[in-house]
K.L.:
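Below is one structure. I have some questions about it.
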2 protein chains.
Amino acid sequence: MRDSKPVHNETHLGRIPLFDDLPGEEIQQLAKVSKTLVLEKCGTLFRTGETCPGLHVVMYGQVKVAFSSTQGSEKVVDILQAGQSFGEAELLLDEPYRAHAQALGDTLVLQIAKTAILDLIARNPGFAHKLLNGMSRRLHDLMVDLEGYTLHTGAARVLTFLLREASAQEPCNESAVVRLSAPKGVIASRLNLSPEYFSRTLHHLSEQGYFAIHGRDIHIDSVSRLQLSLA
Amino acid sequence: MRDSKPVHNETHLGRIPLFDDLPGEEIQQLAKVSKTLVLEKCGTLFRTGETCPGLHVVMYGQVKVAFSSTQGSEKVVDILQAGQSFGEAELLLDEPYRAHAQALGDTLVLQIAKTAILDLIARNPGFAHKLLNGMSRRLHDLMVDLEGYTLHTGAARVLTFLLREASAQEPCNESAVVRLSAPKGVIASRLNLSPEYFSRTLHHLSEQGYFAIHGRDIHIDSVSRLQLSLA
DNA sequence: GTATTGACTTGATCCAGATCAAGCCAGGCT
DNA sequence: AGCCTGGCTTGATCTGGATCAAGTCAATAC
């Protein structure tokens with residue numbers, strides 16, 4: 001993890017959904033108070049228990065956020081893609097992180113100083129509203145996850161995951177090729193399954209004819225058939 | 001579930017944490033656009049799939065929020081106490097509820113019109129900030145729950161629950177009597193356990209000498225001993 | 001007082017998914 | 001080439017917690 005000077009971050013920041021209707025001078029101000037973090041594969045962004053130095057925004061690459069148990073096992077909570085921000089709740093509450101975050105590949109993250117964010121909230125109602133929407137989205141997604149973990153089976157979670165990926169990667173197509181954006185073990189943990197059971201479930205479902213597995217590519221013939229199997 | 005005219009809601013609203021530093025005229029405005037809902041035991045506040053008519057605030061009583069599976073079983077997500085609000089995320093996103101809500105006893109709930117809340121966010125940065133803090137808190141609590149569900153055992157969840165209740169009901173005491181605020185079955189579901197297993201675990205832990213069970217009262221001799229057993 | 005209902009307990013059995021243990025295979029080393 | 005190393009699969013076994021099935025014990029209703 002190395003720091004570098006904030007060169008040309010304005011242009012990048014301006015494209016992030018959270019900031020994209022902020023006036024130019026605000027963006028410049030943000031860029032001035034943010035640090036650029038370059039992470040290589042497995043590089044740590046933050047650890048459990050650390051206090052939150054600012055808002056993290058993934059510029060490119062992927063970051064996995066996970067809990068770690070005392071026995072060394074870990075549970076992936078989220079896989080952040082480029083454009084996503086993280087740590088709003090901890091920032092606003094001044095609570096230490098419950099989870100740790102690690103880059104899944106070469107990744108670039110901006111860290112925006114806390115005061116700048118608080119400032120924006122106080123001065124710019126539009127920004128506050130956008131932040132509220134972002135947190136609502138996260139809260140909502142977390143509820144969906146929770147529902148899955150507590151009252152759906154492993155297979156159902158796998159199917160829902162594939163369907164969501166399919167509609168994100170190839171919207172409104174009857175057939176789709178879903179490319180798993182992370183190692184299967186990471187996806188498994190994200191779905192709260194052991195790698196072994198995830199593999200078995202995936203192969204079992206493919207034997208039922210729901211899709212074909214080619215490495216990290218899942219070929220789905222009939223998206224609507226998957227949908228039906230969940231109802 | 002009956003509606004009644006908004007009588008004297010101002011005084012009640014002004015005491016809710018979310019609104020307690022709003023000027024009097026704003027409170028009056030809120031009271032004017034809010035509906036009073038009187039629920040008796042098991043009365044439904046909202047159902048899964050309904051769209052959100054406004055922000056719900058529990059004035060007194062208790063409301064359980066739960067997912068229901070197709071097979072009739074349900075999973076309690078949260079038990080709302082007096083003073084708590086619910087539905088911010090769904091309100092802001094215009095998404096239908098993922099869960100349903102039911103009164104656990106005689107309960108009074110205020111329902112504040114969506115437009116009034118949006119207005120306040122736009123006009124009053126302090127309110128927006130407070131709302132952000134509230135949602136951060138909920139997001140954070142959900143992460144804690146998720147951590148418990150995914151990497152702690154049933155017994156550990158029971159102990160953590162009792163400890164949290166103890167410190168809420170009798171802060172900083174070495175011994176405490178925790179009164180379960182809802183039927184054991186509801187608490188069990190909140191901890192993602194079957195009623196049977198919750199009962200067993202509770203009795204098993206009491207046999208280990210962690211506490212004594214007297215109906216809904218749990219007598220804890222040594223709070224610090226429970227804390228130790230979790231580390 | 002007796003039935004009824006709802007909240008809880010207790011025991012027996014079952015199962016989804018974890019864990020343990022090999023083995024496999026592709027890609028990056030030297 | 002040969003050798004790791006890490007990601008994935010596959011099989012055998014185990015277990016936390018669910019489910020099914022009776023009770024027990026209030027508290028309310030009749």
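Throughout, a chain's letter reflects where its sequence line sits, starting with A, and its residues are numbered from 1. Hydrogens, waters and symmetry mates are skipped; everything else that's a heavy atom, side chains included, is used.
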K.L.:
Does anything in residues 133-159 of chain A pair up under salt bridge (charged side-chain N to carboxylate O under 4.0 Å, His left out), and if so which pairs, sequence neighbours excluded?
P.N.:
A/Glu88-A/Arg138, A/Arg137-A/Asp141, A/Arg137-B/Glu95, A/Asp145-A/Arg190, A/Glu147-B/Arg98

K.L.:
Would you mind telling me which of C/dC8, D/dT10, C/dA18 lies closest to the side-chain atoms of A/Ser199?
P.N.:
D/dT10

K.L.:
Which nucleotide in the set C/dC8, D/dT9, D/dA18 lies at the smallest distance from any side-chain heavy atom of A/Lys184?
P.N.:
D/dT9

K.L.:
How many whole angstroms separate atom NE2 of B/His152 from atom C1' of D/dG16?
P.N.:
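Distance, rounded to whole Å: 16 Å.
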
K.L.:
Once you round it to whole Å, what is the distance between C1' of C/dG17 and CG of A/Leu202?
P.N.:
16 Å

K.L.:
Return the NZ to CG distance between A/Lys64 and A/Asp78, rounded to the nearest 0.5 Å.
P.N.:
13.0 Å

K.L.:
What is the distance, to the nearest angstrom, from the CG atom on B/Leu151 to the P atom on C/dG17?
P.N.:
17 Å

K.L.:
Can you tell me the distance, in whole Å, between the CZ atom of A/Phe198 and the C1' atom of D/dG7?
P.N.:
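Rounding to the nearest Å, CZ of A/Phe198 and C1' of D/dG7 are 13 Å apart.
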
K.L.:
Counting any heavy atom closer than 4.0 Å, what does B/Gly215 reach on the DNA or RNA strands: base, sugar-phosphate only, or nothing?
P.N.:
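Here B/Gly215 touches no strand at all.
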
K.L.:
Look at atom CZ of B/Arg225 and say whether more than 12 heavy atoms of other residues, nucleotides or ligands are closer to it than 6.0 Å.
P.N.:
yes

K.L.:
Does atom CG of B/Asp221 have more than 12 heavy-atom neighbours, drawn from other residues, nucleotides or ligands, at distances under 6.0 Å?
P.N.:
no

K.L.:
Look at all strands and tell whether A/Thr153 reaches a base, only sugar-phosphate, or nothing, counting heavy atoms closer than 4.0 Å.
P.N.:
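A/Thr153: backbone/sugar contact only, no base atoms under 4.0 Å.
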
K.L.:
Mind calculating the distance between CG (A/Leu104) and C1' (D/dG7) to the nearest angstrom?
P.N.:
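Between C1' of D/dG7 and CG of A/Leu104: 14 Å.
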
K.L.:
What is the separation between atom OH on A/Tyr149 and atom P on C/dG17, rounded to the nearest whole Å?
P.N.:
14 Å

K.L.:
Does the pair B/His100 and B/Thr44 meet the rule for a side-chain contact (heavy atoms from CB on, under 4.5 Å), with working shown?
P.N.:
CA-CA 8 Å; B/His100 65 270; B/Thr44 295; 5.7 Å; no

K.L.:
Between B/Arg157 and D/dG17, does any side-chain N or O lie under 4.0 Å from OP1 or OP2?
P.N.:
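Yes, within the criterion.
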
K.L.:
Spell out yes or no: do the side chain of B/Glu196 and the base of D/dC20 have one donor N/O and one acceptor N/O closer than 3.5 Å?
P.N.:
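It does, because a donor-acceptor pair links the side chain of B/Glu196 to the base of D/dC20 below 3.5 Å.
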
K.L.:
Measuring from the side chain of B/Ser194 (C-beta onward, heavy atoms only), which nucleotide among D/dT10, D/dA18, C/dA18 has the closest atom?
P.N.:
D/dA18

K.L.:
Rounding to an integer number of Å, can you tell me how far B/Arg216 CZ sits from D/dA26 P?
P.N.:
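These atoms are roughly 14 Å apart.
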
K.L.:
Atom CG of A/Asp217 and atom P of D/dC8: how far apart are they, to the nearest Å?
P.N.:
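The answer, rounded to whole Å, is 12 Å.
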
K.L.:
Counting heavy atoms from C-beta on, name the nucleotide in D/dT10, D/dG16, C/dC8 closest to the side chain of A/His203.
P.N.:
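For A/His203, the side-chain atoms sit closest to D/dT10.
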
K.L.:
Does D/dT19 have OP1 or OP2 under 4.0 Å away from a side-chain N or O of B/Arg200?
P.N.:
no

